[in-house]
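Below is one structure, written out as structure tokens; comments come after it.
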Amino acid sequence: MNRQKMEEFLEIFPSFRQAQAGMVEKIFESAVGHRFDSNSQIYKHGDTCSHIALILAGEIRVYKLSPGGREITLYEIGPGDTCILNASCILSASDYPANAETLSDCEVLLLPAALFRELIAGHEVMRKFVFTMLNQRLVTVMNLVEEVAFGRMAERLADYIVEKSEDDRLSVTHQVIANDLGTSREVISRLLKDLEHRGKISLSRNLITITGSL
């Protein structure tokens, strides 16, 4: 076993340092490393989950797609995470209920479903890891439901721009914003134009610049 690779893995997943002897070794013996290019589809709604991915590098977006083609982002995950829907599918022997795609080039360890079930059953550290992920994702989705149900879209859009921007600049398409906020591109474009007319932002191709208080 490559000790350096194991140490790199434990830097990304520090909670596994508390694992019983043999757990991490089992992961490295059975898991397969895999790289995904940016904008790759990892799961589609209805897919069978034969493996669970432990993310080593990159970011993945998990989203729902309506029959009319509209998207809404449920959550994003990165290094040190796993997809809780992926875990749920394996543990409940059900199909994947959403879609997952890479936001950047990604590197993952793919654990066979049978090994994941074995580790969940036999190792408290793995159970704690999964339950922690579950709690984090539930909070994210609950906040999303609250925003969709109770928040005005204009306020959500302003918050989105502030949160995602760096140095008052955000490079993004109107369609990506619409997908993330669960609305249509036309609605986002109209609201952005309104913010521009009010002197809050400046718009250019795939770029939003904050010019006033949002």
Side-chain angles (χ1 to χ4, degrees), residues 35-46 53 55-86 96-108 133-214:
R35 293 179 180 272
F36 292 96
D37 292 334
S38 181
N39 299 316
S40 296
Q41 191 85 39
I42 298 178
Y43 279 116
K44 293 182 180 178
H45 189 282
I55 304 172
L56 303 175
E59 292 183 310
I60 295 171
R61 179 174 77 105
V62 179
Y63 65 97
K64 290 287 288 183
L65 184 65
S66 76
R70 285 172 52 186
E71 299 178 3
I72 185 167
T73 299
L74 299 178
Y75 52 81
E76 297 174 3
I77 50 179
D81 290 334
T82 192
C83 175
I84 199 62
L85 288 180
N86 191 178
Y96 196 75
N99 302 275
E101 67 176 10
T102 58
L103 295 174
S104 61
D105 293 344
C106 287
E107 182 180 355
V108 303
M133 292 290 107
L134 175 61
N135 178 68
Q136 292 173 356
R137 298 293 88 81
L138 278 176
V139 169
T140 299
V141 173
M142 286 174 64
N143 288 338
L144 173 64
V145 170
E146 183 177 358
E147 288 178 1
V148 171
F150 307 119
R152 294 177 54 199
M153 186 56 67
E155 294 172 354
R156 293 180 61 215
L157 175 59
D159 290 342
Y160 178 94
I161 294 171
V162 171
E163 178 184 347
K164 297 285 188 179
S165 64
E166 294 185 8
D167 297 326
D168 291 334
R169 293 163 62 88
L170 174 60
S171 180
V172 67
T173 66
H174 294 189
Q175 186 62 61
V176 167
I177 299 175
N179 292 345
D180 285 347
L181 296 183
T183 187
S184 68
R185 182 183 58 79
E186 291 76 16
V187 168
I188 293 300
S189 295
R190 176 174 55 80
L191 292 173
L192 287 172
K193 281 294 184 183
D194 180 62
L195 288 173
E196 186 176 43
H197 291 155
R198 290 161 54 197
K200 304 292 187 180
I201 63 172
S202 174
L203 297 174
S204 55
R205 183 173 179 80
N206 296 341
L207 180 65
I208 301 170
T209 304
I210 299 174
T211 56
S213 175
L214 290 172

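These numbers were taken from a predicted model, which means no experiment stands behind them.
- The two residues Ala53 and Asn86 come nearest to each other via the heavy atoms N-OD1, 3.4 Å.
- Atoms OG1 and CG, on Thr73 and Asn99 in that order, are 10.5 Å from each other to the nearest 0.5 Å.
- Using a 4.5 Å heavy-atom threshold, the side chains of Thr102 and Ile42 count as touching.
- The one candidate from Val62, Ile55, Ile60, Leu74 that meets the side chain to side chain contact (heavy atoms under 4.5 Å, CB included) condition with Cys83 is Val62.
- Residues satisfying the ring-ring contact (aromatic ring centres under 6.0 Å, His included) test with Tyr75, not counting sequence neighbours, are none.
- Side-chain atoms of Asp180 never come within 3.5 Å of backbone atoms of Ile177 as a donor-acceptor pair (strictly under, hydrogens ignored).
- Here Thr82 contributes atom OG1 and Arg137 contributes atom CZ; the two are 9.5 Å apart, rounded to the nearest 0.5 Å.
- Within the 4.5 Å cutoff, side-chain heavy atoms of Leu214 are placed close to those of Leu195.
- Ion pairing of Arg190 with Asp194 is absent here, as no side-chain N (NZ or NE/NH1/NH2) approaches a carboxylate O to less than 4.0 Å.
- Using a 4.0 Å cut-off between a side-chain N of Lys or Arg and a carboxylate O of Asp or Glu, Arg35 and Glu107 qualify as a salt bridge.
- For the residue pair Thr211 and Ile201, the shortest heavy atom distance occurs at OG1-N, 3.3 Å.
- In this structure, Ala98 and Leu85 approach most closely via the heavy-atom pair CB-CD1, 3.9 Å.
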**OP:** Apply side-chain contact (heavy atoms from CB on, under 4.5 Å) to the pair Leu157 and Thr183, showing each step before the final yes or no.
**Re:** CA-CA 11 Å; Leu157 175 59; Thr183 187; over 6 Å; no
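- Taken from CD1 in Ile84 to CD in Gln136, the straight-line distance is 9.5 Å, to the nearest 0.5 Å.
- Taken to the nearest 0.5 Å, the OG atom of Ser104 stands 10.5 Å off from the CG atom of Asp37.
- For the side chain to side chain donor-acceptor pair (under 3.5 Å) condition, the pairs that include at least one residue of residues 166-179, sequence neighbours left out, are Glu71-Asn179, His174-Ser189, Gln175-Asn179.
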Original post:
So Val187 and Leu181, side-chain contact (heavy atoms from CB on, under 4.5 Å) or not? Walk me through it.
Top reply: CA-CA 11 Å; Val187 168; Leu181 296 183; over 6 Å; no
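- Note: Glu163 CD to Leu170 CG = 10.5 Å, rounded to the nearest 0.5 Å.
- To the nearest 0.5 angstrom, Ile72 atom CD1 is 10.0 Å from Ser66 atom OG.
- For the pair Pro79 and Gly58, the tightest heavy-atom approach, listed with the atom from each and the gap, is CD-O, 3.3 Å.
- What you find for Gln41 and Tyr63 is that their closest heavy atoms are NE2-OH, 3.4 Å.
- Remark: the backbone N or O of Ile210 is not paired with any side-chain donor or acceptor of Lys200 at under 3.5 angstrom.
- At a threshold of 4.5 Å between non-hydrogen side-chain atoms, the residues Val172 and Asn206 do not count as touching.
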